[in-house]
Amino acid sequence: MAPGIGVVAAYDRRWLRADVLGGLTLWAMLVPQSLGFAVLAGLPPVVGLYAAIASMVLYWLWGSSRFLNVGAESTVAIMLATILSAMADPGSDEYVDLAMTMGLLVGAFLLLGGVFRLGRVADLLSRPVLAGYVFGSGVLIVTSQLQGFLGTDVEPDPYLTEIGAVARNIDEAQMASIAFGVATLVVMLTMRKFVPAIPGALVAVAGCMLVVAVADPDVAVVGAFDGGLPVPGIPSLSGSDFLALIGPALAVALLVYPDSVLTARSLTYGTSDRVDANREFFGIGAANVGAGLLGAFPVNGSQSRSFVLADSGAKSQVANLAAAFFVLLTLVFLAPVFDYLPVATLAAIVIVAGFGLFDLAEFGALWRYRRSEFWMAIVTVAAVLGVGMLIGIVIAILLSLLAAVLRDASPHTAVLGRKPGTDTFRDIADHPDAVTFPGLLIYRFDAPLFFANAPFLRDDLIAKVTEHDARAVVFDMESVQDVDSTGAQALDEVLDELGHRGITMEFARVKTEVRDELQQSGVEARLAGIGVHLEVDDAVTHYLEHLAGDTDANGTSEQPQ
C-alpha cells in the first residue's frame, strides 16, 4: 500500500480546514507560476498545470514531507529548454514528446535510486549546509520577486545581480503595483499577528482581485489562459532520440533530487518531522513519471511554494491534494479569473515566505558551537547566491567532505594510563592521576586509519615512542573503525621502524571488521606476543608478566613515567 493512503487513514479531521485554506493559498500562487514555467520550458502554458496535478497527487502517495510541493520549477524549465531546443522546435509536437520522455526518464532514474536505497546521499547535507542553503534560498526567493512587486520588467543579464538590475531601473517602478504589493504585505502581517487562524494570503488575494475587477487599475495581472483537462498518453519518439535523452535525463535527476530533499529537510526546522530520504526518491520519481504521462515535463520540489504552504498554516499533504483539486476546477471553470490577479500580490506572498527563512539565530548557534561550521554555512550562502542552488549545493557538500577529511587527517591521539583502582584506561593529558607503566606506551588513535591520516599516524606514534622511551607499544584500536590499504602500509612502516629499535607492538580492542583487514594485509602476523588482545588491561597484564622481567606481575612497580 502507498504510504500516503496510510497517512490519510490516520488523518486528524481537525486539520481539514487549515489544509483546505492552505491549499487555496498554494493554488493562487501555483497556477501563475506553473503557466510561466511551462512557457519558460518552451511548452504550452497549460502543460504546467498538468504537471502540477500529477506531481501533487503522486508525491502525496509516496513522499515523506508534510509540506513539500512538487511541480514545475524555473531551474528545471530552463535546463529543459536548453537541452530540447537543440533537438526540436519549442512548442512543436516533437518537442512535447521529448519533454514527456524526459519526465518519464527522470522519474525512472529517481525510482531506481529508491530501489537501490541511495538515500544516504542526503546525509551529506549537514547542518551548516542546510542553514546556508535555507538562508541563501530566502535571499533568492525575495530578490526573484522584486520586479513583480515593483511592476518593473528589466532584463537582468547586463547586471551582476537581480537586486542591481531592479535598483538601476527603480525609476520604472509602477505605483499601482507597489500599492497592491504593500497592501498584501500589510494584510498578511496584520492578520498573522491578530487573527492567525485566518490565512492572510488568501484574504489578500481575494481582496486584490475584487479591487481589480471593480476599479480596473493599470496594473500587471497574471492573465487568463486556455483550459482543458489532461489526457494521459505515451510519447511517440524514435529510438535515437530516446537514447540521446538518457544522459540529459540523468543530469536533470541529479539536479532534482538534492534540491527537493534539501527543501524538504528545510521545512522540518524546529519541528519533530523527519524526511525519509529513500522515500523521497519514490515520491519525486513518481511525480515525474506522472507528469510525463500527462504530457508535461520534469518537476521538482519548489522552495517558494513549499515555504508558502508551510507558512499558510497547513498541516499535511492534504493541502497539496486540495490544491490539485482547485487546479482541476481551474482548468474546467476558473481560467478567466486570473485576469484579475495582480502579479504584485503574488510577489508579496512569496516575499513574506522568503523573509521567514532568514534564521540568524541558527548562524549564532553555529558560531558558538564551532567556528568552522559557521563559516561553512556562510560559504554555502555565498555559493547559492553566486552560482545558483544546484552548483551551490555541490560546492557546499564538497567543502563539508573536505572539512571532514581534514579533521580526520590530523585526529586526536592519546597516551593512556590506568585509573587507580580500576581496569579503565584514560588519556593522561586529561587524567593526571592515571598510572602509566615504565617502558610501555599505550597509544590510542581516534579516527579511521586511511590515506589522509596514515602519514600522521606514523609520525605521531614514532614521536610518542621516542618521547616516552618505550620498549613496547600497545595500540588501543577501539576508535579505529576502518583501515584502508594506505593505513595498513603505514602500520607496516611503523612496525619496521619499531623493529629496528628493538621495540615490540601489540593491538587491543580491535573490531572484527578491522581485524579482518589487518589479517588480509599481513599486519597482524607481524605483531609481537599474542598480537591482538580483547582489552587494554589484558595487554598490560601480558606485558607485565612476559615482556618486562623486572616488573612485578602484581603491578607493584606501577608509577607514572
Undergrad: Counting only N and O atoms by type, is there a donor-acceptor contact under 3.5 Å from the side chain of N288 to the main-chain atoms of V299?
TA: yes
Undergrad: For a quick check under 3.5 Å, do D218 and Q174 share a side-chain donor-acceptor pair by atom type?
TA: no
Undergrad: Has the side chain of S260 got a donor or acceptor atom that lies under 3.5 Å from a matching backbone atom of G301?
TA: yes
Undergrad: As an exercise, state the distance from CG of L293 to CE of M100, rounded to the nearest 0.5 Å.
TA: 7.0 Å
Undergrad: When you look at V221 and V343, which way does the side-chain contact (heavy atoms from CB on, under 4.5 Å) test go after all the steps?
TA: CA-CA 5 Å; V221 294; V343 173; 5.6 Å; no
Undergrad: Examine W60 together with F282 and report whether their ring centres are nearer than 6.0 Å.
TA: no
Undergrad: Give a yes or no on whether the backbone of A52 and the side-chain of S34 come within a donor-acceptor separation of less than 3.5 Å.
TA: no
Undergrad: What pair of heavy atoms forms the shortest contact from A51 to A296, and how long is it?
TA: CB-CB, 3.5 Å
Undergrad: For P298, does its backbone N or O pair with a side-chain atom of E73 as donor and acceptor, under 3.5 Å?
TA: no
Undergrad: Give the intermediate values and the outcome of side-chain hydrogen bond (donor to acceptor under 3.5 Å, both in side chains) for residues T152 and E172.
TA: CA-CA 6 Å; T152 59; E172 299 182 15; over 6 Å; no
Undergrad: For the residue pair D216 and Y340, confirm or rule out a side-chain donor-acceptor distance under 3.5 Å.
TA: no
Undergrad: Would you name the heavy atoms of Y59 and S65 that are closest together and state the gap between them?
TA: OH-N, 3.1 Å
Undergrad: Please give me the minimum heavy-atom distance between L80 and A99, naming the atom from each residue.
TA: CD2-CB, 4.2 Å
Undergrad: Between L118 and F281, is there a side-chain heavy-atom distance shorter than 4.5 Å?
TA: yes
Undergrad: Using only heavy-atom distances, determine whether the side chains of S316 and D19 contain a donor-acceptor pair under 3.5 Å.
TA: yes
Undergrad: Might you work through the side-chain contact (heavy atoms from CB on, under 4.5 Å) test for W15 and V318, ending with a clear yes or no?
TA: CA-CA 9 Å; W15 294 354; V318 171; over 6 Å; no
Undergrad: Answer yes if the ring centres of F135 and F363 are under 6.0 angstrom apart, and no otherwise.
TA: yes
Undergrad: Any donor-acceptor pair under 3.5 Å linking the side-chain atoms of E280 with those of S64?
TA: yes
Undergrad: Can you tell me which residue among L229, L331, L58 is in a side chain to side chain contact (heavy atoms under 4.5 Å, CB included) with I53?
TA: L331
Undergrad: F307 vs N69, test: side-chain contact (heavy atoms from CB on, under 4.5 Å). Steps then yes/no.
TA: CA-CA 9 Å; F307 283 109; N69 174 260; over 6 Å; no
Undergrad: Show your working on side-chain contact (heavy atoms from CB on, under 4.5 Å) between M102 and L98 and close with a plain yes or no.
TA: CA-CA 6 Å; M102 281 287 285; L98 290 169; 5.7 Å; no
Undergrad: Tell me whether D273 is salt-bridged to R66, with the criterion being a basic N under 4.0 Å from an acidic carboxylate O.
TA: yes
Undergrad: Minimum heavy-atom separation for G200 to V187, with atom names?
TA: O-CG1, 3.8 Å
Undergrad: From the options T25, L30, L267, L26, select the one residue that forms a side chain to side chain contact (heavy atoms under 4.5 Å, CB included) with L309.
TA: L26
Undergrad: With rounding to the nearest 0.5 angstrom, report the CZ to OG distance, F67 to S306.
TA: 10.5 Å
Undergrad: Ignoring hydrogens, what is the shortest heavy-atom contact between L346 and A28? Give both atom names and the distance.
TA: CD2-O, 3.2 Å
Undergrad: Say whether, by atom type as modelled, one donor and one acceptor occur between the side chain of S92 and the main chain of D89 under 3.5 angstrom.
TA: yes
Undergrad: With a 4.5 Å cut-off on side-chain heavy atoms, are M56 and V70 touching?
TA: no
Undergrad: CG/D259 to CG/N300 distance, rounded to the nearest 0.5 angstrom?
TA: 5.0 Å
Undergrad: Measure from the side-chain N and O atoms of R265 to the backbone N and O of V261, and report whether any donor-acceptor pair falls under 3.5 Å.
TA: no
Undergrad: Over all heavy atoms of both residues, which pair between L84 and Y95 is shortest? Give the atoms and the distance, please.
TA: CB-CE1, 3.5 Å
Undergrad: Just verifying a value: how many Å separate W62 CH2 and D276 CG, rounded to the nearest 0.5 Å?
TA: 12.5 Å
